[in-house]
Every structure is written in structure tokens, then in C-alpha cells.
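Input: a single structure, listed below in C-alpha cells.
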2 protein chains.
Amino acid sequence: MIRVLLAEDQAMLRGALAALLALEPDVEVLGSAPDGESAWRELQRLKPDVLISDIEMPGLTGLELAQRIQRHELPIKVIIVTTFARSGYLRRALEAGVSGYLLKDAPAEQLAEAVRSVHRGGRAIDPQLALEAWSEGDPLNDRERQVLRLAGEGQSAGQIAAQLNLSHGTVRNYLSEAIGKLGVGNRIEAYRLARQKGWL
Amino acid sequence: MIRVLLAEDQAMLRGALAALLALEPDVEVLGSAPDGESAWRELQRLKPDVLISDIEMPGLTGLELAQRIQRHELPIKVIIVTTFARSGYLRRALEAGVSGYLLKDAPAEQLAEAVRSVHRGGRAIDPQLALEAWSEGDPLNDRERQVLRLAGEGQSAGQIAAQLNLSHGTVRNYLSEAIGKLGVGNRIEAYRLARQKGWL
DNA sequence: CTCCTTCGATGACACTTGTCAGAAACGCAA
DNA sequence: TTGCGTTTCTGACAAGTGTCATCGAAGGAG
């Protein structure tokens with residue numbers, strides 16, 4: 001019996017996945033959590049074999065959760081299930097020692113298959129994604145990422161500067177750098193591209 | 001036995017929802033479709049009692065699907081299940097005669113409940129959303145929407161003008177109008193707000 | 001101690017953006 | 001016909017944006 005814990009913020013999907021896995025005779029769903037922090041608590045209480053987690057959750061993300069499991073050397077395999085085919089996410093996930101990375105676009109049967117494979121000590125990585133993950137690196141540094149995130153919310157250089165305790169001009173320099181590195185024409189395109197690639 | 005058809009592009013969720021509904025003794029899942037057009041074909045072939053559909057799907061959206069069902073006066077109840085708590089979406093859905101509108105944030109059990117309620121001739125509308133749906137109207141006209149969409153992709157006033165056969169200045173006027181109507185400070189915020197409200 | 005790199009700041013320039021007042025062109029209704 | 005509303009355009013101005021060369025401070029590496 002493979003003991004599984006689910007972390008997923010969207011209630012409908014959380015419940016549906018639990019139902020799906022409960023149909024498998026060799027899988028037991030111990031419980032589920034709607035955010036990263038409560039998943040971490042449940043994890044320590046229930047000691048599952050496998051954690052299935054979304055990435056984008058309130059508070060602690062799935063990637064941070066995986067990192068924490070890695071640092072504490074818990075004997076728990078992690079499978080990430082996410083909407084986003086972003087190579088940056090996959091790379092960070094692999095660095096955090098996850099065993100599986102599936103897209104929500106993948107057929108539902110694949111999830112149970114992944115749980116078994118991972119429990120046997122194997123991996124379950126979306127093959128398409130695996131290819132491009134190591135080819136393209138994130139060219140942005142921390143400041144550029146930070147500034148770009150705020151610019152993407154519609155903030156002006158001045159507002160961003162005030163928030164980060166930088167000067168107006170420095171913020172514009174970082175934005176200009178980011179725009180150049182990404183090969184686009186303005187802050188909006190830069191934001192969209194970085195977001196799409198999972199670099200944000 | 002309530003006969004149900006599922007339309008949802010995300011394969012994982014589609015399979016999981018089917019598993020969830022299959023657990024209900026009074027519900028039968030006839031099949032599922034990954035996009036609007038194939039849902040329409042399956043609909044005519046299988047003649048289900050209830051269609052459960054996502055909104056954002058490739059090709060035909062869930063809202064367009066509901067409209068088509070309404071125009072053809074098919075005796076099929078529609079339940080929309082979507083990520084987006086956008087009042088504009090709900091309003092358009094209600095105009096298209098849907099009987100249910102649930103968020104993917106809602107608990108999974110609510111779906112089976114909604115299927116039964118709708119099959120009995122009732123409605124199942126997310127209560128929070130129902131309130132604001134009729135209060136806030138979309139203040140944008142067609143041109144403003146069009147221009148804002150392109151601006152949101154990072155295009156400059158000049159590029160947008162070329163695409164719409166307008167002058168540089170006219171595009172800026174429309175953007176200025178939209179920014180004013182939405183009470184925000186620049187095109188980026190305007191785009192984000194309009195998008196969030198489902199006006200885009 | 002120098003040399004080098006990184007981080008942040010400055011000033012100047014051209015261009016884009018947001019705002020506003022005004023006007024030409026068109027359809028439509030009284 | 002006159003008048004109204006809608007759509008589009010124009011020009012002008014202030015503010016914000018993107019680029020670039022340059023500069024100073026701090027922190028290693030040799």
C-alpha cells in the first residue's frame with residue numbers, strides 16, 4: 001500500500017485527485033492540504049511515502065516544500081503536478097530533489113503510474129519538458145527579477161525605486177538590462193516572457 | 001441515473017472529475033471532451049442530461065458552447081466549472097442560459113450536489129459571485145477593449161495603430177480613455193484590471 | 001596593496017506615454 | 001435641413017521610459 005499525501009490549493013481538483021487515486025487498489029490517500037504550510041505539518045504527522053504537490057500555492061510553494069523535505073532528509077518522494085510547462089520550474093524542482101514532475105495536461109492515469117514508479121525508486125518526468133529544461137538558463141539576476149515583477153504589476157520606475165530603496169535611475173537601468181537580456185522591446189514584453197519561462 | 005458529459009481541456013482534471021462523479025451512485029459519466037468542438041459533437045451523439053464545462057478551452061469556449069445549446073434549444077442543463085471568479089464571465093454565462101456556475105476553488109463534493117440540483121430544474125451559482133455579477137458593468141467599448149488587449153501584449157501605440165488601421169494618436173486616446181474609465185494609472189494596470197474582471 | 005568585479009547612482013538624450021482641447025467626417029433622427 | 005452622437009484625427013505639453021557612458025564605494029583575489 002503506497003501512502004500518499006496531496007497538496008493542492010484548488011479544492012475541486014484536490015478532491016477529484018483524491019477520488020481518482022482512491023480508485024487504485026495499491027494507493028492510500030492519507031489526506032490533503034490546501035497550502036504549503038499545512039502540507040508541511042501533515043507531512044510530519046502522517047509520514048506518507050509520496051507527496052503530490054502543486055507549485056503555485058498560497059504561502060509556501062510546492063518547490064519550497066520540496067526543498068524543505070530535501071534539507072530535512074525526510075524519506076518522502078515528491079511528485080510535482082502543475083499547470084505550467086515552464087522549464088525554469090522543472091529545473092528548480094529537480095534541484096530540490098523531486099522524483100516526479102507532471103503537467104495537469106497529462107492524462108489522469110499517468111498520475112497513479114507516476115506514484116508507483118516513484119515509490120519503486122524511479123522517476124516520472126514529463127519527457128518534452130525534460131529536454132528543454134537544461135538547455136535554456138535564466139539570464140536574470142535577483143534585482144532584475146525583483147524589478148521586473150513589480151513593473152509587471154504596472155508600477156512606475158519611481159514607485160519601484162521607493163519600494164526597494166533604490167534610485168529612480170537604478171531601477172531604469174535594471175529594467176533596461178532585463179529588456180536587453182531577454183531580447184524584447186519594453187518592460188511589458190520582458191515581464192510576459194520571463195513569466196512564461198518560469199523565471200519570474 | 002443522471003447522464004453527464006464532461007468538457008475540460010486539462011486532461012488531469014478531466015480524468016479526476018470523471019473518477020469523482022463515477023463514485024456517485026446516481027450519476028453516470030457518458031464521456032468527456034478536451035475542447036469545445038468535440039464536446040459539441042459528443043453532445044449531439046450522447047444526448048446527456050447535464051454538460052459540465054470549463055470556460056477557457058481551445059477553439060470553442062464553454063460560454064460559446066452554452067450559447068449554441070441555448071440557440072438549438074437542446075434539453076441539456078449546463079454547469080460551468082472555472083478557475084476564474086470574473087463577474088463578466090458569470091454574467092455572460094447566465095445570459096447563455098447556464099444553470100450552474102462553480103469555481104474550481106469550491107469543494108469537490110459541491111459538484112455532485114450541483115449536478116443533482118440542476119437536474120431537478122434548480123440552479124447552482126456560486127453565491128459570492130452572484131452578488132457582484134449584476135452590480136458591476138463593463139465600461140469599455142469595443143475599440144478600447146481591442147486596443148487594451150494589444151497593449152497588454154507589450155505593443156506600443158504605433159504598432160497597435162498599424163494593426164488596427166488607426167493613427168498613433170487615436171490609439172493613445174483610446175488607451176487614455178480606458179485608463180480613465182478604469183480609474184488606474186497606466187496601460188499595464190488597466191490591462192490587468194480588465195482581464196481580472198473578465199472584460200478583456 | 002593593487003586589480004577586478006559587483007552594486008548602485010548620475011546625467012543626458014531620444015522616444016513613448018498619458019492628457020487634453022479642438023476639429024473633420026459620417027450616419028441618423030427630428 | 002439642422003442638430004446630435006460617434007468615430008477618428010491632430011497638435012501640444014508634461015511625465016515616464018529605454019539607453020548609454022561614466023563614476024564612486026565595497027569586497028574579494030592575487
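Letters A, B, ... mirror the listed sequences (proteins, then strands); counts begin at 1.
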- Item | Shared hydrophobic cluster, I125(A) / I55(A) (ILVMFWY, side-chain heavy atoms < 4.5 Å) | yes
- Specify the separation, in whole Å, of atom CD1 of I188(A) and atom P of dT17(D). 10 Å
- Between E189(B) and Q155(A), is any side-chain donor less than 3.5 angstrom from a side-chain acceptor? no
- Rounded to whole Å, CD of E177(A) lies from P of dA9(C) at a distance of 15 Å
- Query: Once you round it to whole Å, what is the distance between P of dT6(D) and CG of D142(B)?
  - Reply: 13 Å
- Quick one: is dT19(C) close enough that its OP1 or OP2 comes under 4.0 Å of any side-chain N or O from S176(B)? yes
- Any side-chain N or O of R187(B) less than 4.0 Å from the OP1 or OP2 oxygen of dG18(C)? yes
- Task: Ignoring backbone atoms, establish whether T170(B) has a side-chain N or O less than 4.0 Å from OP1 or OP2 of dC9(D).
- Result: yes
- Message: Please report the distance, rounded to the nearest Å, between CG in L166(B) and C1' in dT6(D).
- Response: 14 Å
- Residue pair R123(B) / S117(B): nearest heavy atoms and the distance that separates them: O-OG, 3.1 Å
- Is any side-chain heavy atom of I52(A) closer than 4.5 Å to a side-chain heavy atom of L21(A)? yes
- Message: Is Y174(A) close enough to dG18(D) that one of its side-chain N or O atoms is under 4.0 Å from OP1 or OP2 there?
- Response: no
- Task: Report yes if at least one side-chain N or O of S167(B) is closer than 4.0 Å to OP1 or OP2 of dT8(D); otherwise report no.
- Result: no
- Query: When the distance from CZ of R172(A) to P of dT19(D) is rounded to whole Å, what number comes out?
  - Reply: 11 Å
- Message: With a 4.5 Å cut-off on side-chain heavy atoms, are H119(A) and K77(A) touching?
- Response: no
- Query: Roughly how many Å is it from CZ in R145(A) to P in dC7(C), rounded to a whole number?
  - Reply: 12 Å
- Message: Measure CG/N186(B) against C1'/dT17(D) and give the value in whole Å, please.
- Response: 12 Å
- Can you check whether any acceptor in the base of dT17(C) is under 3.5 Å from a donor in the side chain of N173(B), or vice versa? no
- Give a yes/no answer on whether the side chain of R143(A) brings an N or O atom under 4.0 Å of OP1 or OP2 in dC7(C). no
- Rounded to whole angstroms, how far apart are CG on L148(A) and C1' on dG18(D)? 14 Å
- State which of dC9(D), dT16(C), dG18(D) makes the closest approach to the side chain of I179(A). dG18(D)
